[in-house]
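Notes follow the structure.
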Amino acid sequence: MERRRVAVVVGAHGVIGGKLVEHLKETGGWDIVGLSRRGGVDDGRVRHIAVDLLDTKDTYEKLASLHDVTHVFYAAYQDRPTWAELVPPNLAMLTNVVDALEAASDNLEHISLMQGYKVYGAHLGPFETPARESDPGHMPPEFNVDQQTFLETRSVGARWNWTAIRPSVVCGYRLGNPMNLATVIAVYASMSKELGVPLRFPGARGAYSSLLEMTDAGLLAEATVWAATTPECAGQAFNINNGDLFRWETMWPRIAAYFDLPVAAPLHMSLSDTMADKESLWNSMVDRYDLAPTAYADVAAWPFGDFVFGWDYDFFADGSKARRFGFHRYVETEKMFTDIFSDLRRRRVIP
Ligand SMILES: NC(=O)c1ccc[n+]([C@@H]2O[C@H](COP(=O)([O-])OP(=O)(O)OC[C@H]3O[C@@H](n4cnc5c(N)ncnc54)[C@H](OP(=O)(O)O)[C@@H]3O)[C@@H](O)[C@H]2O)c1
């Protein structure tokens, strides 16, 4: 009989963690425990625990009964305004989870850490592309690096091993998350249409023509579980991306076409500022189109849009290491965007 694995998905309501829960459930053979502050409704093999991972005592108490955990998929995230401020809470949450689960379970085999291209300094400015997993480090602070160092150190002599997964911008369905580009675009386009204005790329001048790539949340979930369950991947980091590159100057008109909108020349603006006064417009759209009631704050990760659309430099990494180790899936990025937009329409989040 096949052995059941027990996964703890840390950050089960995230753009990334939410899809991981879904993927593990669909794959079968897993019991799944989702951790987040807000908790959730248990569903078959999926159990939710509401816990504040910044609170050491709460973490120990709530995780103490998880005696059979075999795999940890770490995708929790605490947002902070500066790169330095991101380090303490994000390192503390990971440390609390590892401390509590090492104490609770004798079966721990693997801890998967969700990182990103910040490891390569992609958030700081033009970085060497394509970025490779073996690239040299950069000046701290950077919480992804500190988290990996923590796992590397802690795994020496431990019964578990680790992998680190490095996606590009992750696109998937979730509401109320600080880093959610597909929703930013969908809501920006829907509001442009409502106001009768063409779809203008709001990013920096050079960002329109730079080369970049995305990571589909479903592809990412598959790759993350593959790496966590493939013995050769132990102790390795992997870039995971869709496998195609694009420029907004090509993608933007296609997105406009999906929304049946004319496209006009880019106009660099701060979405955080420009969209700040549009909550009443959003609320009126929710009424007029009979949308699922969604608070404006939950669909408007404008600062993240400003961040991504501000990259006036190439933004991509070499995804060949994962392929060399045996992961070959890819996703066509244009289709990924339109599939997510259609999903948002189906869920009545946008008209
Ligand atoms: N999104 C992207 O485009 C992207 C791209 C590359 C890399 N990454 C990296 O991937 C990781 C996950 O990002 P994400 O975008 O999926 O994050 P996210 O959508 O903000 O999700 C974060 C998760 O962590 C949980 N959480 C936050 N604070 C918590 C606490 N104190 N105790 C318990 N749970 C807590 C949240 O649930 P509650 O709010 O209910 O607690 C949520 O489930 C991050 O390291 C991020 O840098 C993200």
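Just so you know, these numbers use all the heavy atoms, side chains as well, and skip hydrogens, waters and symmetry mates. Whatever order the structure lists them in is the order used to number ligands and atoms, beginning at 1.
At least one donor-acceptor pair closer than 3.5 Å links the side chain of N239 to the backbone N or O of D318. Panel note: side chain H138, backbone K118; a donor-acceptor pair is recorded below 3.5 Å.
Hydrophobic cluster membership of Y330, counting Ile, Leu, Val, Met, Phe, Trp and Tyr whose side-chain heavy atoms lie under 4.5 Å apart directly or via other members: none, as it forms a cluster of its own.
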Kindly list each side-chain donor-acceptor pair under 3.5 angstrom involving residues 175-190, sequence neighbours excluded, with atom names and distances?
from : atom 1 : to   : atom 2 : distance (Å)
N177 : ND2    : H13  : O      : 3.4
N180 : OD1    : T183 : OG1    : 3.0
N180 : ND2    : R174 : O      : 2.6
N180 : ND2    : T183 : OG1    : 3.2
Y188 : OH     : R200 : O      : 2.7
S190 : OG     : A186 : O      : 2.7

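Between the OH atom in Y117 and the CH2 atom in W311 there is a gap of 9.5 Å [rounded to 0.5 Å].
Contacts of ligand 1 (protein heavy-atom distance under 4.0 Å) are G11, A12, H13, G14, V15, I16, S36, R37, R38, V51, D52, L53, L54, A75, A76, Y77, Q78, M93, M114, Q115, G116, F143, P167, S168, V169, V170, N177, P178, M179, F304.
Legend: residues meeting side chain to side chain donor-acceptor pair (under 3.5 Å) with N144, ordered by chain and number and at least two apart, are E142.
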